[in-house]
Amino acid sequence: MRIGIIGGQSTPSFIKNKESLEIETKYGNIYIQISRLQEHEIFFVQRHGEKSNIPPHKINYRGNIEALAACHVECIFSLGTVGSMKKSIAPGDIVIPHDFIDFTKHRYYTFYDDSRVHIDMTNPFCPFLRNKLIESSEKISSIKMHKNGVYLVTEGPRLETPAEIRYFSEFADIVGMTLIPEITLAREKEMCYASLCIVCNMAAGLQQNMLTANEISVMYKKLEKNVSKLLQITIESIPDIERNCECKNLLSGAVL
Ligand code: HPA
């Protein structure tokens, strides 16, 4: 199967002997690293651009997904860092979200600007990929995994205020900046999409000290090895057969 990985920080360590490809899309050129894992072809995209320097609100989300679609990728695992809004979710934990709330403001949300296409979001994350991640996490004893969670997406690049977090935490569990519109665009291409959220901090107002971007990246580096192992075991557990979930037919009920 052709499997995409969108990473927010470093390249997972199992991506070896890679070939780099520059894909031209109408949204700009995208760099993809191609490698193999067992029978699967793996397509890795650095979400923040080749130099990893594009802020969340400026990411070329459409370019990234269009390039993966051009490579006939069927499934995407998305890696991202988040803050926790719940006491039961601690820095160092991993959350596999099952739903989201969108508080972004100025992004390009769709590939369909000239026609009416309304993609269903009843099950925004692919249940098959989520299950594979959850099952695989049970094989790594040092991972504390949360099998569900609501991800609230903010516009960024600033972090949130304590009042915002009090408000958001009524309805959601984790907060981050990059899920939207990545997930929607992947669904518009009928791809399966699941997100592996790495909890790097308690959200604003829920920890004693001020939040720093450095703190987030230091925590990510600590967890990087486990995240890469989890992803590798998960991908190795995916059979190389035709997909059997609703994701592959999303457009059939969406076009007016
Ligand atoms: N807020 C938003 N995005 C984040 C956070 C946070 O606390 N931590 C990591 N990404």
Side-chain angles (χ1 to χ4, degrees), residues 1-37 40-82 96-97 100 104 107-111 124-126 129-130 132-133 151 153 156-157 176-198 217 220-221 223-224 227-232 234-236 238 243 247:
M1 193 178 275
R2 290 174 168 232
I3 297 178
I5 300 174
I6 304 181
Q9 312 258 346
S10 53
T11 312
S13 56
F14 62 85
I15 299 189
K16 293 193 186 103
N17 300 324
K18 45 194 187 248
E19 181 197 333
S20 293
L21 205 67
E22 187 177 349
I23 309 262
E24 215 179 296
T25 77
K26 66 179 185 183
Y27 308 105
N29 288 8
I30 302 295
Y31 295 87
I32 294 192
Q33 294 172 17
I34 306 173
S35 60
R36 288 198 78 85
L37 188 57
H40 302 299
E41 262 188 288
I42 310 294
F43 297 79
F44 179 79
V45 175
Q46 171 51 255
R47 176 183 291 119
H48 297 267
E50 199 198 5
K51 297 192 192 112
S52 200
N53 59 351
I54 305 172
H57 61 300
K58 295 277 186 187
I59 289 170
N60 188 354
Y61 294 100
R62 288 192 296 188
N64 290 346
I65 298 293
E66 181 80 34
L68 288 172
C71 295
H72 305 287
V73 159
E74 293 174 282
C75 298
I76 295 180
F77 289 99
S78 151
L79 306 178
T81 61
V82 293
I96 308 300
F100 69 77
T104 63
R107 301 190 181 188
Y108 293 107
Y109 294 99
T110 180
F111 288 114
F125 296 90
C126 172
L129 293 190
R130 290 187 69 248
K132 288 287 174 198
L133 281 166
Y151 181 140
V153 196
M177 300 176 191
T178 56
L179 180 72
I180 294 292
E182 196 173 272
I183 185 169
T184 324
L185 296 169
R187 286 172 74 74
E188 285 187 353
K189 295 287 184 190
E190 300 186 316
M191 291 166 171
C192 295
Y193 183 101
S195 181
L196 202 166
C197 294
I198 303 139
S217 93
Y220 179 83
K221 288 216 169 74
L223 302 171
E224 196 169 27
V227 167
S228 179
K229 181 109 190 281
L230 172 58
L231 200 52
Q232 178 172 355
T234 305
I235 291 173
E236 285 171 353
I238 294 178
R243 290 185 291 159
C247 313

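Values in this document were obtained by computation on a predicted structure and should not be read as measured data.
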When you compare the side chain of Gln33 with that of Thr11, does any pair of heavy atoms fall below 4.5 Å?
yes

Spacing of CE belonging to Met191 relative to CZ belonging to Arg243, to within rounding of 0.5 Å
8.5 Å

Closest contact, heavy atoms only, Leu133 versus Ala194
CD1-CB, 4.1 Å

Tell me the closest heavy-atom pair linking Met177 and Pro157, and the distance in Å.
CE-O, 3.5 Å

Say whether, by atom type as modelled, one donor and one acceptor occur between the side chain of Ser228 and the main chain of Ser13 under 3.5 angstrom.
yes

Nearest 0.5 angstrom please: Cys247 SG to Phe125 CZ, how far?
11.5 Å

For the side chain of Arg130 and the backbone of Pro97, is there at least one donor-acceptor N/O pair under 3.5 Å apart?
yes

In the structure I gave you, are the side-chain heavy atoms of Ile183 and Ile76 within less than 4.5 Å of one another anywhere?
no

Report yes or no: does Arg187 contribute a side-chain atom to a donor-acceptor pair with the main-chain N or O of Pro124 at less than 3.5 Å?
yes

Can Ile238 and Phe77 be said to form a side chain to side chain contact (heavy atoms under 4.5 Å, CB included), step by step?
CA-CA 12 Å; Ile238 294 178; Phe77 289 99; 3.7 Å; yes

Check whether any side-chain heavy atom of Val82 sits under 4.5 Å from a side-chain heavy atom of Ile198, and report yes or no.
no

Test side chain to side chain contact (heavy atoms under 4.5 Å, CB included) on Ile5 and Ile15 and set out the steps.
CA-CA 10 Å; Ile5 300 174; Ile15 299 189; 4.1 Å; yes

From Leu129 atom CG to Cys192 atom SG, the distance as rounded to the nearest 0.5 Å
5.0 Å

Side chains of Tyr61 and Arg107: any donor to acceptor distance under 3.5 Å?
yes

How would you list, by chain and number, every residue that makes a salt bridge (Lys or Arg N to Asp or Glu O under 4.0 Å) with Glu188, sequence neighbours excluded?
none

When rounded to the nearest 0.5 Å, the distance separating CD of Glu66 from CG of Asn60 is 10.0 Å

Do the non-hydrogen side-chain atoms of Glu41 and Ile3 ever get within less than 4.5 Å of each other?
no

Decide yes or no for Leu79 and Ile6: does some side-chain heavy atom of the first lie under 4.5 Å from some side-chain heavy atom of the second?
no

Is it the case that the side chain of Asn64 and the backbone of Ile30 share a donor-acceptor pair, with hydrogens and angles ignored and the cut-off at 3.5 Å?
no

Without hydrogens or angle criteria, can the side chains of Asn29 and Glu22 be said to hold a donor-acceptor pair below 3.5 Å?
yes

Can you find a heavy atom in the side chain of Leu185 that is under 4.5 Å from one in the side chain of Tyr109?
no

Distance (rounded to the nearest 0.5 Å) between Cys75 SG and Lys132 NZ:
11.5 Å

Distance check, rounded to the nearest 0.5 Å: Thr178 atom OG1 versus His57 atom NE2?
13.5 Å

Ser195 side chain vs Cys197 backbone, donor-acceptor pair below 3.5 Å
no

Measure across Ile23 and Cys71 and return the closest heavy-atom pair with its distance rounded to 0.1 Å.
CD1-SG, 3.6 Å

Given side chain to side chain contact (heavy atoms under 4.5 Å, CB included), test Leu68 with Val45 step by step and report yes or no.
CA-CA 8 Å; Leu68 288 172; Val45 175; 3.7 Å; yes

Between Glu236 and Gln232, does any side-chain donor sit less than 3.5 Å from a side-chain acceptor?
yes

Is the cationic atom of Lys189 (NZ for Lys, CZ for Arg) positioned less than 6.0 Å from the six-membered ring centroid of Phe111 and within 45 degrees of its normal?
yes

Tell me whether Gln46 contacts the main-chain N or O of Gln9 through its side chain, where contact means a donor paired with an acceptor under 3.5 Å.
yes

Pair Phe44-Ile32, side chain to side chain contact (heavy atoms under 4.5 Å, CB included): steps then yes or no
CA-CA 6 Å; Phe44 179 79; Ile32 294 192; 5.9 Å; no

Using a strict cut-off of less than 4.0 Å between a Lys/Arg side-chain nitrogen and an Asp/Glu carboxylate oxygen, indicate whether Arg2 and Glu74 qualify as a salt bridge.
no

Side-chain heavy-atom pair Ile42, Ile34 within 4.5 angstrom cut-off:
no

Is a donor on one side and an acceptor on the other found under 3.5 Å between the side chain of His48 and the backbone of Asn53?
no

For a 4.5 angstrom cut-off between non-hydrogen side-chain atoms, does Val153 reach Tyr151?
yes

Is a donor from one side chain sitting under 3.5 angstrom from an acceptor on the other, for Tyr193 and Ser78?
yes

Specify the closest pair of heavy atoms between Pro12 and Leu231, including all atoms of both residues, with the distance to one decimal.
CG-CD2, 4.3 Å

